[in-house]
Amino acid sequence: MDRNSIFGLLLIGLILVWYSVSFSPDKEEATQTVNKEETISQAPPAKPVDTAQQVTDSTINQDSVKQVALASKFGVFGVASRGTEGVVEFENEVFRGTISKKGGRISKLELKNHKAFGGKPLVLFNPDSAGYSLNFTTSDAKVITTDSLYFTPSVASVNVSGEDSATISMKMQVSADKYIEYVYTIKGSVHDLGFKVNLVGMHDVLAPSAKDLTLKWWMRTPHVEKDVESQTTNSTIYYKPKNEEADKLSEHEDTKESLENPIEWLSFKQKFFSSVIIAQGVFEKPVELESKKVENSTTSIKDFYATVSIPFKHLPSESISMKMYFGPNHYQTLKKYDIGLEQQIPLGWGIFGWVNKFIVIPLFNFLDSFNMNYGIVILVLTIVIKLILFPLTYKAYLSQAKMRVLKPEMDEINEKFGNDDPMKKQQAIMSLYKQAGVNPLGGCLPMLLQMPILIALFNFFPASIELRGESFLWADDLSTYDSIYNLPFTIPFYGDHVSLFTLLMTASTILYTRMNSDLSGNAQMAQMKWMMYLMPIIFLGVLNNYSSGLSYYYFLANVITFGQQWAMRKFVNEDAIHARIQENKKKPVQKSKLQQKLEEMAKRQQQLPKKK
């Protein structure tokens with residue numbers, strides 16, 4: 001090392017010695033420091049913080065607050081106000097659904113043998129679109145609604161078929177000997193299920209003044225049909241007062257009604273499906289019903305609300321039995337219950353309904369038993385009906401033939417009297433009819449006798465669930481309109497589509513009208529010509545949005561009528577009719593008392609101007 005390195009090392013050593021001497025603690029400070037360290041080391045360790053215990057204490061405090069709040073709101077039912085969400089599944093051959101633990105109610109119902117328009121599952125309601133609950137007041141003045149409380153199910157799921165049945169118990173426990181229980185009985189192959197409410201130990205829980213329980217039921221009906229307007233105008237609330245015919249709320253406007261009479265059943269009826277609650281006896285008054293159209297919705301149609309009363313006798317144990325129906329508006333299916341449920345199906349009033357019930361429906365069901373396409377069923381039905389009505393059609397045709405034979409003589413009478421003396425002209429015409437043995441109403445009466453069947457079918461086809469979703473040729477659903485072209489705009493009184501079956505029906509009706517007006521030779525027919533041509537045009541607008549099965553039937557009826565008239569013209573000899581009329585004119589005419597009175601009245605009317 002050189003001299004500079006040695007000098008630097010020495011300088012560093014001197015600095016270290018000076019630092020250690022100048023800054024080292026004295027003896028007393030060192031002793032205090034050692035004592036302080038020993039004291040710290042000998043002190044007991046600090047108690048660790050128990051975080052889990054802090055969370056538990058906080059939860060207990062929060063639960064205590066909740067329990068106090070629930071006890072304040074629900075009273076003795078506070079224990080049932082807490083629970084876990086969940087459902088019990090049930091299924092049979094015709095429907096499947098779920099029962100919610102909260103409220104113990106049926107929360108979803110799907111019909112397995114039917115589809116919504118577009119092929120989607122047909123769900124009558126889901127947890128967000130329907131519900132029901134029992135409402136009552138307790139002895140400590142708490143207002144309870146069961147849809148806010150939790151029920152304990154007896155099983156997790158039920159699946160039955162054939163003749164089997166199973167029960168599902170949903171129990172809302174207050175204590176071991178105090179509870180409300182819903183018991184559902186599911187059968188294998190039917191659309192109804194039993195619904196029993198058991199009230200055990202509720203006699204000293206409910207208010208002493210409570211004479212009944214309130215059952216509240218509501219539903220938002222889904223859009224399941226092709227034609228929204230048709231589904232809307234055929235959906236409403238039906239009910240049957242005790243010992244009376246079924247009644248309903250208006251389908252065309254929002255309605256709220258209070259009934260003062262007990263009812264036997266209550267139905268939220270859609271076009272082709274119904275949800276019904278049936279009392280074992282009656283639902284007591286007052287009964288509050290309300291129907292409201294859902295505005296600006298593409299998935300829902302109407303809101304239904306119903307409130308009924310169920311008697312409560314304050315017994316230690318009481319049972320209230322009911323029945324629920326979820327299924328199609330099929331005439332025979334509803335008829336089997338023998339409580340008037342079939343009255344929901346709009347088959348027409350009076351004689352038109354009788355024709356459907358006793359003629360059309362039995363005949364249609366017989367043809368349906370052969371498992372043919374429904375287009376073929378309608379064809380055969382049309383042929384059978386036209387054969388049944390053929391005697392009337394034949395009689396009407398003969399009357400028209402006689403009128404055609406008498407046309408030359410009628411023209412002579414018109415020329416002879418003109419418009420100067422209408423009374424004498426009318427008398428001459430009536431005398432001609434009498435001599436010839438012709439009834440001027442002979443062609444009208446047979447047609448009038450056919451009208452009940454025509455009008456009955458006007459009601460039958462749109463209400464027939466058998467046609468729902470059934471396709472034929474270009475029609476994808478015979479229960480609603482067929483469309484070969486959708487218009488980009490809406491034509492007033494016509495619609496936004498073109499129905500080919502309706503066009504065919506209209507064209508054939510106009511052709512049939514023209515044929516009859518030409519063949520009849522009746523002067524009065526000429527005066528009514530424009531009216532007769534106008535009617536098919538009006539029906540074009542009406543039936544364009546109606547059941548395509550109905551338009552198809554009318555078209556077939558016109559075609560078959562053309563064939564019948566062609567055959568009758570071939571076999572009816574009008575020359576023979578003319579000869580027979582001439583022979584009748586030679587016979588002495590015996591005037592009836594009615595005709596004598598009419599002639600006397602006519603003479604008196606003629607004499608009045610002379611006296612004046």
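We number each residue from 1, following the sequence as shown.
Annotation: side chain of Val377 is in contact with side chain of Met372 (closest heavy-atom distance under 4.5 Å). The shortest side-chain heavy-atom distance between Phe460 and Ile361 falls under the 4.5 Å cut-off. Taking the side chain as every heavy atom from C-beta outward, Arg96 and Leu109 never approach each other to under 4.5 Å. Taking the side chain as every heavy atom from C-beta outward, Thr255 and Glu290 never approach each other to under 4.5 Å. Using a 4.5 Å cut-off on side-chain heavy atoms (C-beta onward), Leu134 and Thr214 make no contact. Within the 4.5 Å cutoff, the side chain of Phe326 has heavy atoms near those of the Met324 side chain. In this structure, the side chains of Leu199 and Leu213 come closer than 4.5 Å at one or more pairs of heavy atoms. Looking at Tyr184 and Ile99, their side chains come closer than 4.5 Å, going by heavy atoms from C-beta outward.
Ring centroid separation for the pair Tyr182 and Phe151 comes in under the 6.0 Å cut-off. The six-membered or imidazole ring of Phe136 lies away from that of Phe312, with a centre-to-centre distance of 6.0 Å or more.
Smallest separation of non-hydrogen atoms from Gly469 and Ser479: N-OG, 4.4 Å. Across every non-hydrogen atom of Lys101 and Pro153, the tightest pair is CE-CG, 3.9 Å. Closest approach of Ala207 and His314 over heavy atoms only: O-CE1, 3.0 Å. Minimum interatomic distance between Ser291 and Lys302 (heavy atoms only, all atoms of both residues): OG-CD, 3.9 Å. The nearest pair of heavy atoms linking His203 to Pro316 is ND1-CA, 3.4 Å. Among all heavy-atom pairs drawn from Glu318 and Lys313, the shortest one is OE2-N, 3.0 Å.
No side-chain donor from either of Asp303 and Trp218 sits under 3.5 Å from a side-chain acceptor of the other. Residues Thr98 and Glu89 bring no donor and acceptor atom of their side chains to less than 3.5 Å of each other. In this structure, a donor-acceptor pair under 3.5 Å is absent between the side chains of Thr502 and Asn544. For the residue pair Lys142 / Thr137, no side-chain donor-acceptor distance below 3.5 Å is found, with atom types taken as modelled. Side-chain N/O atoms of Thr145 and Asn135 include no donor and acceptor closer than 3.5 Å. Using modelled atom types and a 3.5 Å distance limit, the side chains of Asn234 and Glu251 yield no donor-acceptor pair. Between the side chains of His330 and Glu342, no donor-acceptor pair is found at a separation under 3.5 Å. For the 3.5 Å distance criterion, the side chains of Ser267 and Gln344 qualify, holding a donor opposite an acceptor. A side-chain donor-acceptor contact under 3.5 Å links Ser274 and Asn329. Side chain to side chain, Asn486 and Ser483 meet the donor-acceptor criterion of an N or O pair below 3.5 Å.
Of the options Phe268, Tyr305, Phe283, Phe304, a ring-ring contact (aromatic ring centres under 6.0 Å, His included) to Trp217 is made by Phe268 and by none of the others. For the ring-ring contact (aromatic ring centres under 6.0 Å, His included) with Phe501, the qualifying choice from Tyr553, Tyr546, Tyr552 is Tyr552, the only one to do so. Here the options are Asn92, Val276, Val94, the test is side-chain contact (heavy atoms from CB on, under 4.5 Å), and the partner is His191; only Val94 passes.
The CG atom of Leu367 sits 11.5 Å away from atom CD1 of Ile376, with the distance rounded to the nearest 0.5 Å. Taking CE of Met322 as the reference point, atom CG of Leu193 lies at 11.0 Å (rounded to 0.5 Å). Between atom CD1 of residue Ile237 and atom NZ of residue Lys269 there is a gap of 12.5 Å, rounded to the nearest 0.5 Å. From Thr307, atom OG1 reaches atom CG of Leu289 across 8.0 Å, with rounding to the nearest 0.5 Å. The distance from the NZ atom of Lys240 to the CD1 atom of Ile278 is 11.5 Å, given to the nearest 0.5 Å. Residue Lys336 holds its NZ atom at 14.5 Å from CD1 of Ile339, rounded to the nearest 0.5 Å.
For Glu85, the CD atom sits in a packed shell: over 12 heavy atoms of surrounding residues, nucleotides or ligands are nearer than 6.0 Å. Heavy-atom neighbours of Trp474 CH2 from other residues, nucleotides or ligands within 6.0 Å: above the threshold of 12. Heavy-atom contacts from other residues, nucleotides or ligands closer than 6.0 Å to CD of Gln280 number 12 or fewer. Other residues, nucleotides and ligands contribute over 12 non-hydrogen atoms within 6.0 Å of the NZ atom of Lys115. More than 12 heavy atoms of other residues, nucleotides or ligands shown are found within 6.0 angstrom of CD on Gln332.
Using cut-offs of 30° and 60° for the angle between ring planes, the Tyr337 and Tyr325 rings count as perpendicular. Ring-plane geometry between Tyr374 and Phe364 is classed as parallel, the angle between the planes falling under 30 degrees on a 0 to 90 degree scale with a further cut at 60.
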Show your working on side-chain contact (heavy atoms from CB on, under 4.5 Å) between Ser133 and Arg105 and close with a plain yes or no. CA-CA 8 Å; Ser133 68; Arg105 62 186 176 87; over 6 Å; no
Could you check Leu347 against Phe352 for side-chain contact (heavy atoms from CB on, under 4.5 Å), going step by step and ending with a plain yes or no? CA-CA 7 Å; Leu347 296 177; Phe352 311 119; over 6 Å; no
What do the steps show when you test Ser169 against Glu181 for side-chain hydrogen bond (donor to acceptor under 3.5 Å, both in side chains), and what is the final call? CA-CA 7 Å; Ser169 168; Glu181 181 185 30; 2.5 Å; yes
Pair Lys178, Asp204 - check salt bridge (Lys or Arg N to Asp or Glu O under 4.0 Å), show working. CA-CA 10 Å; Lys178 297 180 186 296; Asp204 57 359; 2.9 Å; yes
Could you give me the CA-CA distance, side-chain angles and deciding distance for Val205 and Val76, then say whether side-chain contact (heavy atoms from CB on, under 4.5 Å) is met? CA-CA 8 Å; Val205 175; Val76 296; 3.7 Å; yes
Please walk me through it: do His114 and Phe273 pass ring-ring contact (aromatic ring centres under 6.0 Å, His included)? CA-CA 10 Å; His114 301 274; Phe273 305 97; 5.1 Å; yes
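Taking 4.0 Å as the cut-off between side-chain N and carboxylate O, Asp476 and Lys226 count as a salt-bridged pair. Salt-bridge annotation for Lys112 and Glu91: present, with a side-chain N of the basic residue lying under 4.0 Å from a carboxylate O of the acidic one. Remark: Arg220 does not engage Asp128 in a salt bridge, criterion side-chain N to carboxylate O under 4.0 Å. In summary, Lys242 and Glu264 do not engage in a salt bridge, as defined by a charged side-chain N under 4.0 Å from a carboxylate O. Salt-bridge annotation for Glu225 and Arg468: present, with a side-chain N of the basic residue lying under 4.0 Å from a carboxylate O of the acidic one.
A side-chain donor-acceptor contact under 3.5 Å links Asn459 to the backbone of Ile455.
Figure legend: Lys171 and Tyr179 shown as a cation-pi pair, the cationic atom lying under 6.0 angstrom from the six-membered ring centre and within 45 degrees of its axis.
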